[in-house]
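Accompanying notes for the structure given below.
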Amino acid sequence: MAFIKINKQNFFHNLNQIALKTGSKEKIAIVLKDNAYGHGLILMAELASSFGIKHAVVRKRDEAKQIDMLFQTVLVLGDTIKKDENISYAINTLEDISRAEKGAKVELKVDTGMHRNGIALTELEEALATIKEKGLLLVGVMTHYRSADVLSSELFWQQKQFEIVKKRVHASGFEKVRFHSYNSAAILRMKHFDEDLVRVGIGAYGYNELDASFDTVVLHPVLSLHAKKVSTRLLKKGECVGYGGDFTATKEMLVSTYDLGYGDGWCRGNTKGPYVTSENLPFIGRVSMDFSILASDKEEVCIMHNAQHAARHFETISYEVTTALSADIPKRVV
Ligand SMILES: *Cc1c(COP(=O)(O)O)cnc(C)c1O
C-alpha cells in the first residue's frame, strides 16, 4: 500500500514559528479534526504533546476520547454536549444549551460575521444566562474569522466585534473564561497576539495559505505521500494504458503500476492535464481506484511532498488534498 511519511522536524519547526507569534507554546491549541487533516489523529496528537502542546481541538467526542489523556484540554467543535473531565464542547446555537448535559464544560461560539456557526450577538446575554441556569460550566468564548487570509479590513471588523463580546461576557460576571478567535491565517498575519489561545490547523501542518502579499512566515510541509511499485511493463509504440486507453505510447517506453489510487483519497484528476509527481514523473492514463501508472521503474516514488503544489494542480486547497487521504494509509515518522 501507499504510505505517508510524517516529518517530525518540520512539524516542530511550524509549531515553533507559531509559538514565536503567540509568545508561548502553551497558548497553542492544535486542531486535530478530520484525522488531523489526514495526517493521523493519534500520531499527530502524540507528536504535538511531546513538543509541549497542552490543548487540542477536534470535531467529535469520539476523537477527543482517543487523545484526551495527552492534553490538558480538548475542545470538541460539533457534537452532543456531555459532562467530561477535560473535554469542553462548543455551543453553536441556543438549542445546544438546552440539550447539554448538566455540569458539562462549554465554550460559547459567537457569530461575529461568518454566519456559519455560533449564536448571534443579540443572543449573547440570553445565552450566558441560560448557561448559568442550566448548570453548565462556561470555560471559553470563541469566534471564527471568515477572511483572515485575505488582504482586506474584514478581519479587523470581526475582531472589533469580538472585543465587544469580551466586554459583555465580563460584564455578565464570567471572569475565568478563555477567549480565542485566531486560526492559522490570523496568527500568521497578525503582529500582536493577546488572547488566551490560538486554534491552529493548517499552519502546523506546514501550509501558509495567506496571500503572497503578507507571506513572511516560512512553514514546511509535514506530510509526504509515497507509493510502491506493483509491476513494470514495456509498452510498444501505439499501445495504450489504463481505463479508456487515454494514454497512447508514442514510442517504446517502460511504465510501472503503483499502489495508490482515488480509493486512497488521491485525486483522480484528468488525463488532459496529468499531475506530475514531486520527482517529475507524470501520471500516465487514468488514475484507477487502487492503482496509478507512471513512466518509471523505481521501487518507490514520492507522489507529493507539498500538498499546496498538488492543490494548485487540482484547483483546490491544501486542506482538501491532505484531508481526503484515507486514514488507512500507513504512516511513519521520519
Ligand atoms: C478548522 C478550524 C480551525 C483551524 O483552521 P486553520 O485554518 O486550519 O488553522 C480553527 N477554528 C475552527 C472553529 C475550525 O473549525
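Atoms within each ligand, like the ligands themselves, are counted from 1 in listed order. This chain uses plain numbering: 1 for the first residue, then up along the sequence.
Cation-pi check for R199 over Y182 is not met; the charged atom does not lie both under 6.0 angstrom from the ring centroid and within 45 degrees of its normal.
Pairs engaging residues 276-286 under the side chain to side chain donor-acceptor pair (under 3.5 Å) rule: D246-R286, E279-K298 [sequence neighbours left out]. Under the side chain to side chain donor-acceptor pair (under 3.5 Å) criterion, no residue pair touches residues 7-28, with sequence neighbours excluded.
Shortest contact from atom 12 (C) of ligand 1 to any protein heavy atom: H144 CE1, 3.4 Å. Atom 9 (O) of ligand 1 has its closest protein heavy atom at S184 OG, 2.5 Å. For atom 4 (C) of ligand 1, the nearest non-hydrogen atom of the protein is Y37 OH, 3.4 Å.
A salt bridge is defined here as a Lys NZ or Arg NE, NH1 or NH2 lying under 4.0 Å from an Asp or Glu carboxylate O, and K237 with E252 fails to meet this definition.
Under 4.0 Å from ligand 1, heavy atoms of R199 appear from its side chain as well as its backbone. In L77, the part holding a heavy atom less than 4.0 Å from any atom of ligand 1 is the side chain.
Here H313 and F283 keep their ring centres 6.0 angstrom or further from each other.
Residue M142 has no N or O atom closer than 3.5 Å to an N or O atom of ligand 1. Backbone and side-chain nitrogen or oxygen atoms of I202 are examined, and one is located within less than 3.5 angstrom of a nitrogen or oxygen of ligand 1.
Environment of CD in E85: sparse, with no more than 12 heavy atoms of neighbouring residues, nucleotides or ligands closer than 6.0 Å. In this structure, E195 places its CD atom where more than 12 heavy-atom neighbours from other residues, nucleotides or ligands lie under 6.0 Å away.
Distances from atom 3 (C) of ligand 1 to the heavy atoms of K33, R116, K109 show the closest one on K33.
At least one heavy atom of Y319 sits less than 4.0 Å from an atom of ligand 1.
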